[in-house]
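For clarity, every value in this text was computed on a predicted model and none was experimentally measured.
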Amino acid sequence: MNLPQLHYTSAAPGPDGSGFRFTAVSAALPTALLGEVEQLVGYEPPRDAPGRPTRDELAVFPVAFSHSTLSDGSRLLCRTVYTGTDYSGRYGNFHAHAVRLPEDGSLPGGLLPIEAWESPSWSDRTPEERHPGPLTTLTPARRVGRAGLIRFCRARADRLEPFLADVRALLRTPDAPQLLVVERDTADTAHWIAVASAVLPRDRADRLTFTTYTRRPQLARQQIVGTLPDADFDLAGAAADHRYRVHDCAGGHSSPARREPDPWAAVAARVWLADRPELFAEAARTGPGPGHDTGPDAGLLAVLAARAGIALDATGRTAAARAAHEHTGADDTLWPPLLTTLAAGGTDRTPEEWTALAGLAEEFSRLADDTATAPLRGDLHDALDRAAADPDSPLGPLLALLGLADALRADPATALPALTARLTTALLDGTTEDRRAVRTALAPHSTLTATVLDTLDQHAATGDPGRVSHALAELPDADLTDHPHLRMAREFGVLTADGRLRPDRPALLDALMKAAGAEHRAEPSVLRAAFRLVQGERPLSPVEAGTLLALLPAAWHRAAGLDEVFIQAALDSAPDDREAPDLAKALLVHCASDLAPRQRAALLLLELAGELTTGEAQPGFTERALAVRPQAAPLEPGIDKRLGTALADRLLAERQPPGELRALVGSGDESLLRAYAERARGDGVGSALRRSPSYAAACFVAWHTASGADPLWERTRTELLASVLKPVVRRMPAEDVDALLEALRRRGGGWAEAFGDWHRPGVLGRFGGRWRGRGGRAPGAAYGPGDIERPGEEPGR
């Protein structure tokens, strides 16, 4: 390739003038670019350089070797050196020799720009001809070779990784910060540029712009800019400036580490330090270069490095493991050295690395021998112990570690208790995906499976067997021979899958007990677990409790602690539950020794309420209720309402055992009296009054009972007479009124006359007052509703 060249220095007067000017330019170089080029080839000596340097001092002046992009897309490769005096003997002269490269072209021989550093082809003086021909050959540099680069990298090992990370950033984003490299010798800066060029794909390295020296780095346009510590620039300030990334290898301030580490840079640094730079070229041939996403680039280089036996840190090993499947191929001979390096480790392993290594479990199992994987097994035991013992660690990585342990034939015995707890918790509380993952992980581990089943069985016996039932759905092949609680949990899942037996809980309980096995049916824990499965979230109803109480031997349900559940089902029953009184009666017989006094009293009242409803209650039932009620306090609302309703209905019946209403009135029991009044105002009593004159007569007599005996009763009876009985009587046909009077006459005494007085308009107040004035006595037959005394008799005579 022919490269137009130019020379620039301070020269004696000539056709083009005097002073600094282009002294020789190839004819092929466009004149329009010379002004732009002139800005790139200038040179300022260091501030502390000697003003009149000797020949030896001139030899150590910095060399400005630069590669720049021109406005037309072509590139300029230039070497500028300080030469001391010019033609007139004045100091301050320099000489620049440059070549122009086309946009898509390269140097002769395929050299990279930095490989022309200090090439013998560069000249320190202007040639004789004003229009030299193009440069056709370029001898490679002798000072930047492989051995020298390796020595340089090892000497700068602390800066190597951050520098490579910044080089990568240059190529990933067009507005990446410039790299400022501070060295005391421009040869070292050239080595940095050579390191950067070596790691890049060929086409990217060919376009990397740089300069090994400038006194004013803030004016430089290149991507990598070299300078000396005495630059006319605040280097310390630049280190904190987002526009620059400063790498000061001369004792100054460098930019802080990047917020996010670059895995590729970490691997690349180790490749350099291991003297294997050819791996960069191999990575470039095999896949994308570092200008692309971090993962693939880091992974490919890490795979090559690990296969070459280069020890990597955790980040590099992680990248290698993740990329191994994609880049290693099906050739099994390539796996052993890679796996050996990954197994050897060398630095603390991270959770990300363990997850990546677990992805190679199959390859470790097939292709790595026990000697090679011994370090990995040792690390794995510790990692398993830590992950299993941390309840907050994710389940996925833990299962991945367990799978890797299988592949490496590493016994997880030390982690067995913690593993059992974690996997059991995942089966009980995890998502469906978690439970399925646990099933897969348990498959090859019979010992671990057995301990998990033991733990699940214990949880079913003492905890929530319903959750265990869900967990067992993911273990369909588990052997549950020695786990009766688990057999019931599995049977429960089968029987309730379509809701067939869930409503019929006694039948479901029987089925579960059969699933547990005849030898376990009498075990209290088995019955408790079966009952918890059957009960679920819904309280036991009285009819279910009664059925179970009848089905189960007393010793069984007593030992299992179910008596309290049955008792609570009765106590919490609804006021209209027909089965609750029968359950109360059964509990009073079967659980008498286990009843607390308050529970016994409440059940007696529930039983009595049932007998009142069926008409089986024996005379004196009101006094029995009143005697027991204080012992049942605080009485459940359902029983209280049931008792009040049943007692009121019995007292409001047309035929009542004598003395019951008087017992209630005399008690002053507010709750029962209010229940009586509420039922008396109900539709049932109103309908009976309109239908039956004899019933109206009975109520007339009843509501004159014990006038003035109790303020609440006085208000109650007066209100019932006025608002319930009076409206009905006023609307009665004459024949019904006659029938009512006839019923009162049959009772004897003055009831018919009293009714006549009460029924006449305007006399009700006088009538009631007259009775109140007689000290609470009221006319009526001793056998009538409410046990009313005959007129003129003392109570009890």
Self-check item: Side-chain heavy-atom pair L149, W272 within 4.5 angstrom cut-off
Solution: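 Yes - at least one pair of side-chain heavy atoms lies under 4.5 Å apart.
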Quiz item: With a 4.5 Å limit on heavy-atom distance, are the side chains of V225 and P217 in contact?
Solution: yes
Any side-chain to backbone donor/acceptor pair from [X] onto [Y]? Under 3.5 Å, distance only.
X: R245; Y: P256; result: yes
X: E282; Y: L279; result: no
X: R317; Y: T341; result: no
X: R349; Y: L380; result: no
X: S119; Y: L138; result: no
X: T186; Y: V63; result: yes
X: Q178; Y: A220; result: yes
X: T126; Y: H7; result: no
X: T80; Y: H95; result: no

Exercise. Kindly state each residue pair satisfying ring-ring contact (aromatic ring centres under 6.0 Å, His included) with at least one member in residues 24-45, sequence neighbours excluded.
Key: Y43-Y213
Practice problem: Any pair with a residue in residues 156-190 that passes ring-ring contact (aromatic ring centres under 6.0 Å, His included), sequence neighbours left out, goes on the list, sorted by first then second residue, please. | Solution: F163-W192, F163-H247
Self-check item: Parallel, tilted or perpendicular: ring planes of Y8 versus F22, cut at 30 and 60 degrees
Solution: perpendicular
Quiz item: With under 30° as parallel and over 60° as perpendicular, where do the rings of H67 and F210 fit, or are they tilted in between?
Solution: tilted
Could you tell me whether the side chains of [X] and [Y] share a donor-acceptor contact shorter than 3.5 Å?
X: D72; Y: S74; value: yes
X: R216; Y: T214; value: no
X: Q222; Y: S68; value: yes
X: E36; Y: S71; value: yes
X: T9; Y: R21; value: no

Exercise. Check L111, L107, L112 against P140 for a side-chain contact (heavy atoms from CB on, under 4.5 Å) and give me the one that passes.
Key: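 With P140 as partner, side-chain contact (heavy atoms from CB on, under 4.5 Å) holds for just one option, L111.
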Practice problem: Determine the sole option in L76, L40, L101, T209 for which the side-chain contact (heavy atoms from CB on, under 4.5 Å) test with T69 is passed. | Solution: T209
Exercise. Starting at CZ of R75, measure out to CG of D104 and round the result to the nearest 0.5 Å.
Key: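 Result: 8.0 Å between the selected atoms.
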Self-check item: Nearest-0.5 Å distance that lies between atom CD1 in I310 and atom CG in L273
Solution: 9.5 Å
Quiz item: With S123, which residues qualify under side chain to side chain donor-acceptor pair (under 3.5 Å), at least two apart?
Solution: none
Quiz item: For the side chain to side chain donor-acceptor pair (under 3.5 Å) test, which of T23, D86, T85 pairs with S10?
Solution: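 That would be D86.
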Self-check item: F94 and Y82 aromatic centres sub-6.0 Å
Solution: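 No - the distance between ring centres of F94 and Y82 does not fall below the 6.0 Å cut-off.
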Quiz item: Where do E278 and R276 land on the salt bridge (Lys or Arg N to Asp or Glu O under 4.0 Å) test, with the steps shown first?
Solution: CA-CA 5 Å; E278 69 276 6; R276 295 299 301 271; 2.4 Å; yes
